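Each chain gets a letter, A, B and so on, in the order its sequence line appears, and its residues count up from 1. Note that this is a predicted model, so its numbers are computed, not measured.
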Number of protein chains: 2
Amino acid sequence: MNVDWDDLKAVLHVVRKGTLAAAATELGVNYTTVARRLARAERALGTVLFDRLADGYRPVEAALVVARHASEMETQSLAVIRGIAGRDARLSGKLTVTAPQLLVGPHLTEVIRTFSQTHPEVDLHLRASNDLADLSRREADLAIRISRTPGDALKGLRLSDQHSASFASPGWAEQIKNTPERTIDWVVYDALGTPPKGLDPRFQNNRVVMTCDDMTAMVGAAQAGLGVVRMPVFLGRATPGLVQVPVLPAQPYAEIWVVAHADVWASAKVAAFREVLVPYFKRNRAVFTS
Amino acid sequence: MNVDWDDLKAVLHVVRKGTLAAAATELGVNYTTVARRLARAERALGTVLFDRLADGYRPVEAALVVARHASEMETQSLAVIRGIAGRDARLSGKLTVTAPQLLVGPHLTEVIRTFSQTHPEVDLHLRASNDLADLSRREADLAIRISRTPGDALKGLRLSDQHSASFASPGWAEQIKNTPERTIDWVVYDALGTPPKGLDPRFQNNRVVMTCDDMTAMVGAAQAGLGVVRMPVFLGRATPGLVQVPVLPAQPYAEIWVVAHADVWASAKVAAFREVLVPYFKRNRAVFTS
DNA sequence: CAGGCGATATGCAATTTTGCATGTATGAAT
DNA sequence: ATTCATACATGCAAAATTGCATATCGCCTG
């Protein structure tokens with residue numbers, strides 16, 4: 001009575017994805033192989049695990065039992081990878097950093113330049129991304145996030161306060177200055193849907209002209225003169241074609257954090273990167289706050 | 001960054017056993033294979049895991065990290081096996097029962113006869129053994145133990161009280177009856193080392209003639225007339241060539257329990273076996289107590 | 001009701017993994 | 001010093017696993 005651990009992994013992925021093909025893609029093998037691993041697992045456990053349907057493999061209850069434990073095994077295997085990475089004392093090899101796209105251009109490039117001059121042996125990968133890269137799966141070693149929460153198993157350090165303010169094209173700035181009573185168009189986040197709270201009382205007429213789910217796009221819209229956008233002050237100031245407008249006074253915004261999984265926080269490369277990153281943000285605090 | 005789970009298993013076993021050959025035996029593969037799996041794991045993790053010494057593989061610290069997590073993976077894989085076995089509703093297939101050797105002859109054979117007549121489809125395996133079969137590893141589904149403790153993750157049911165008393169060969173019985181003042185020789189467990197507490201005050205001269213670590217051997221010694229042995233009453237009464245002697249009055253002894261891992265306790269075959277076992281001991285309570 | 005899509009099944013060949021046989025090194029016992 | 005036992009290293013052939021090409025099945029759409 002002995003099961004192949006990798007067969008359990010196959011069961012786990014088929015339970016998760018529902019089809020052989022999807023599971024195979026995740027596992028990086030041919031789906032035929034997945035089918036055969038399932039068959040082997042069923043033989044080893046002496047029980048049927050899936051109903052073979054025309055539209056996929058449907059797990060029977062026993063497969064859910066397997067998947068529950070296999071999932072815990074996966075957690076442990078990820079912990080192995082992090083544990084090894086976290087003990088890595090070399091200042092060489094791969095280091096993956098993830099950061100919001102908009103922070104990269106104006107700021108991180110400079111941090112990265114300094115870092116790679118100091119540590120030329122490190123093979124630095126940057127994932128510019130807004131989705132939270134999964135630090136548990138070690139898709140990135142270190143993340144720079146605009147958020148107050150470091151997350152559960154993660155360790156973090158606050159890099160900087162931030163303020164936001166309202167920015168728009170010079171045309172809008174002119175109009176707002178000259179005729180503050182005219183309607184002001186806003187481009188806002190989907191999640192909000194309305195112009196921000198805390199507007200200066202001089203400006204009474206505000207409406208939303210567009211909502212959007214991506215700040216890069218909103219910056220583009222603002223540059224094109226579509227309306228006013230609330231954004232972090234570092235971004236508005238650094239974006240050509242935008243000027244600050246007094247509609248929304250500067251107000252606190254989400255802080256900037258650097259976070260990593262606790263297991264890899266102390267590793268040499270991650271620590272070395274922090275040693276460049278933290279002083280940079282300390283020096284440039286004025287850029288992020290009003 | 002992806003590790004083969006079975007490679008982690010290889011690391012675990014080599015850490016535990018210290019040599020390729022020993023780990024290979026446990027894994028049921030050739031040691032060459034183990035060596036290659038370690039090499040693959042080291043390549044995948046990008047770190048050396050073992051010092052290759054002439055007298056074995058010595059784990060470096062990173063290997064201990066791996067082993068810690070792999071051990072947890074092993075626990076989960078065992079839980080899978082038990083979880084599947086525990087859901088098994090069939091009254092067919094393999095069922096492994098373990099019991100102390102000395103209970104088998106006089107009693108369990110009858111239980112087994114009844115069980116296998118009622119459930120002829122069950123492939124019953126009996127492991128007569130004194131060492132606690134590892135119910136976590138499912139080396140047995142169900143254990144009959146002489147002990148008060150069901151154990152940690154185990155579920156149990158008390159089958160019977162037990163009393164012990166002193167037994168010896170008819171020659172000794174004669175001598176004890178006629179000349180109670182003469183020295184009485186004892187054969188006792190290693191763990192004790194001295195004649196039992198609670199002797200009848202009529203018998204003042206007692207000495208240990210031999211200590212032993214196995215009850216079967218002690219029974220043999222008693223039959224051969226070496227001395228008096230304290231044993232469960234069911235055993236003394238059922239053993240030809242032994243008679244009870246009044247040196248040690250009957251006194252409580254370890255209870256008889258049936259235990260199983262909680263995961264498999266409710267499975268059909270284990271439940272069915274209990275349904276024969278428990279009434280048998282209920283009916284025969286008098287055989288085990290004085 | 002024909003055709004296309006998405007999903008699984010299966011035979012066969014390529015590749016990978018495994019085991020065996022043999023060789024080497026080290027330390028303990030004679 | 002020699003021998004023996006134990007443990008690892010490696011080349012090669014056998015066995016097992018894998019991927020590919022192709023076939024099949026059911027469903028939805030037009």
Count the heavy atoms belonging to other residues, nucleotides or ligands that lie under 6.0 Å from CZ of R58(B), then report whether that count exceeds 12.
-> no
Does G56(A) or R36(A) map to a spot on DNA chain C nearer the 5' end, using the closest nucleotide for each?
-> G56(A)
Length of the [atom1]-[atom2] vector between [X] and [N], whole Å:
{"X": "R58(B)", "N": "dC8(D)", "atom1": "CZ", "atom2": "C1'", "value": "15 Å"}
{"X": "Y57(B)", "N": "dT6(D)", "atom1": "OH", "atom2": "P", "value": "19 Å"}
{"X": "R40(A)", "N": "dA15(D)", "atom1": "CZ", "atom2": "P", "value": "18 Å"}

Side-chain (K269(A)) to main-chain (S92(A)) donor-acceptor, under 3.5 angstrom | yes
Main-chain N/O of S136(B) paired with D134(B) side-chain donor or acceptor, under 3.5 Å = yes
Provide the start and end nucleotides, 5' to 3', of the part of DNA chain C that has atoms under 4.0 Å from heavy atoms of chain A.
-> dA7(C) to dT10(C)
Picking from D263(B), I81(B), I84(B), L78(B), what satisfies side-chain contact (heavy atoms from CB on, under 4.5 Å) with R138(B)?
-> I81(B)
Quick one, which residues of residues 9-34 of chain B touch DNA chain D with a heavy atom under 4.0 Å?
-> T19(B), L20(B), A21(B), Y31(B), T32(B)
Sidechain N-carboxylate O distance under 4.0 Å for [X], [Y]:
{"X": "R40(A)", "Y": "D7(A)", "result": "yes"}
{"X": "R52(A)", "Y": "E42(A)", "result": "yes"}
{"X": "K9(A)", "Y": "E74(A)", "result": "no"}

Report the C-alpha distance between T211(A) and D190(A) in whole Å, list the side-chain angles of each, state the deciding distance to 0.1 Å, and finish with yes or no for side-chain hydrogen bond (donor to acceptor under 3.5 Å, both in side chains).
-> CA-CA 5 Å; T211(A) 70; D190(A) 276 339; 2.6 Å; yes
